[in-house]
Q: 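Encoded as structure tokens, here's the structure I'll be asking about.
All chains are named by letter (A, B, ...) in the order of the sequence lines, taking the proteins before the strands, and each is independently numbered beginning at 1. This structure is a prediction, so every number in the text was calculated from the model and none was measured.
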Amino acid sequence: MPELPEVETIRHGLSELIGCKVGDIFRSDKKLRIGSTLDLSLLNHKILNKINRRARYLILDFSGEYSLIVHLGMSGSIVLNSKDSATKNKLAQNKIEAKKHTKHDHFICEFNNGARLVFNDPRRFGFIDLIYTQNLWQYKMLAKLGPEPLLAQFNAQYLAKKLCHKKTNIKTTMMDNEIVVGVGNIYINESLFASAISPLRSASSLTKDEIAKLVKNIKNILKKAIKLGGSSINDYVNHEGEKGNFQNNFKVYGNNGKKCLLCNDIITKIVQNGRSSFYCKNCQK
DNA sequence: AAGTAGTCCTGAGTGC
DNA sequence: TGCACTCAGGACTACT
């Protein structure tokens, strides 16, 4: 499932499209989580100026006029099919070819350099929305977001202020996009383990030291995941159709019933607000 | 106001 | 083999 490191990996991978002009566009008639505000065909002949990421949203700016906002949801992927990557990486290209005509391709955009951007999402939790760039930061889903976890604004002092009156458990709280963005289920489970904090603790019960440790570990774990190209559980592939490698570094996520790497106790799985949490009762207090 | 539960969706996994 | 069922999860909406 694409979380911040996966989206960042894709953003980086798409940068070769910057400066290219849009050719043909395909849009499936399948309903995604939300429909597009503007007609996607408005992108015809526009030039891709830049690609940004905010939280888990990819934002593609076209000619300074239109912004294409992409969220990959649970099972979404963006694959770039170009002549260059075909010669560079035959295996990845084969995977792309296999995906070329699947029923879950919802948006395909061809560029004048021969590249073909394909948005595929079997479960349709993701979406693609086209809006005017001048309205970008008023966009409903971008307007109320908390700080980026890798920027200096997300620090122990900031988090302490946010947590001091929160009665909800720390795990659910840290997945709230108004507190910090892009920290999904995998990375909060791993960060709490690294910080020796139980996911059941109320957010306001954390000490200053624990908050500092948690902030540090969230940053470190996200950075490491980006370096390894994200995590692949079932669906995630990068822009070349390849899987990430961070899943091999999971210490608790999905490891219920297995031994804790630190103390040999058994990793427990619980459900908090409908989401699975994995933790070591012995190490995480 | 803050916290919780329900909702959307399909494919993988499990049990019979 | 094939069917029925459960589970996964981001982020919005609706309810307590």
Q: Please give me the minimum heavy-atom distance between A/H106 and A/D121, naming the atom from each residue.
A: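 For A/H106 versus A/D121, the nearest heavy atoms are NE2-O, 2.8 Å.
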Q: Using the aromatic ring of A/F125 (for Trp, its six-membered ring), decide whether it stacks on the base of C/dG9 within the limits of 5.5 Å and 30°.
A: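 Ring-base stacking flag set for A/F125 and C/dG9.
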Q: Could you pull out all residues at least two apart from A/N255 that satisfy side-chain contact (heavy atoms from CB on, under 4.5 Å)?
A: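 Partners of A/N255 by the side-chain contact (heavy atoms from CB on, under 4.5 Å) criterion, ordered by chain and then number, come out as A/K258, A/I267.
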Q: Give the minimum heavy-atom separation between A/N177 and A/G182, together with the two atoms involved.
A: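 Minimum heavy-atom separation between A/N177 and A/G182: OD1-N, 3.7 Å.
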Q: Given side chain to side chain donor-acceptor pair (under 3.5 Å), test A/N217 with A/S191 step by step and report yes or no.
A: CA-CA 5 Å; A/N217 283 318; A/S191 299; over 6 Å; no
Q: Shortest non-hydrogen contact from A/L17 to A/L48?
A: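 Taking A/L17 first and A/L48 second, the nearest heavy atoms are CB-CD2, 3.6 Å.
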Q: Taking N or O atoms only and anything under 3.5 Å, show me the protein contacts with nucleotides 2-6 of chain B, one pair per line.
A:
unit_1: B/dG3; atom_1: OP1; unit_2: A/K167; atom_2: N; d: 3.1
unit_1: B/dG3; atom_1: OP2; unit_2: A/K166; atom_2: NZ; d: 3.0
unit_1: B/dG3; atom_1: O5'; unit_2: A/T168; atom_2: OG1; d: 3.4

Q: Are A/L72 and A/S77 close enough that some pair of their side-chain heavy atoms sits under 4.5 Å apart?
A: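 A/L72 vs A/S77: side chains apart.
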Q: Could you run down the sub-3.5 Å N/O contacts of the protein with nucleotides 2-5 of chain C?
A:
none

Q: Rounded to whole angstrom units, what separation is found between the CG atom of A/D176 and the C1' atom of B/dA1?
A: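 Nearest whole value for this atom pair: 14 Å.
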Q: What I'd like to find out is whether the side chain of A/T173 reaches to under 4.5 Å of the side chain of A/L163, using heavy atoms alone.
A: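 Yes; the side chains approach each other to less than 4.5 Å.
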Q: Under 3.5 Å, which N/O atoms of the protein pair with N/O atoms of nucleotides 12-16 of chain C?
A:
unit_1: C/dT13; atom_1: OP1; unit_2: A/K140; atom_2: NZ; d: 3.0

Q: Could you tell me how far apart A/N256 (CG) and C/dA8 (P) are, to the nearest whole angstrom?
A: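 Whole-Å distance recorded here is 9 Å.
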Q: Write down the distance between CD (A/E6) and P (C/dG9), rounded to a whole number of angstrom.
A: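 Those two atoms, CD and P, are 13 Å apart.
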Q: Which heavy-atom pair separates A/I25 from A/C109 by the least distance, and what is that distance?
A: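 It is CG1-SG, 4.2 Å.
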Q: Looking at residues at least two apart in the chain, or sitting in another chain, which of them share a side-chain contact (heavy atoms from CB on, under 4.5 Å) with A/N220?
A: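 Testing A/N220 for side-chain contact (heavy atoms from CB on, under 4.5 Å), a comparison that skips the adjacent residues, returns A/K216.
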Q: Name the orientation class of the two ring planes belonging to A/F127 and A/Y139 (parallel below 30°, tilted from 30 to 60°, perpendicular beyond 60°).
A: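 A/F127 and A/Y139: tilted rings.
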Q: Check step by step if salt bridge (charged side-chain N to carboxylate O under 4.0 Å, His left out) holds for A/E148 and A/R53.
A: CA-CA 10 Å; A/E148 288 288 331; A/R53 180 192 57 74; 2.9 Å; yes
Q: So what is the end-to-end bend of the helix from B/dA2-C/dT16 to B/dC16-C/dG2, with 5 pairs used at each end and the value given to 10 degrees?
A: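 Roughly 50° between the end axes, to the nearest 10°.
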Q: How would you label the contact of A/K269 with the nucleic acid (heavy atoms, under 4.0 Å): base, sugar-phosphate, or nothing?
A: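 Answer is sugar-phosphate: A/K269 comes under 4.0 Å of backbone atoms only.
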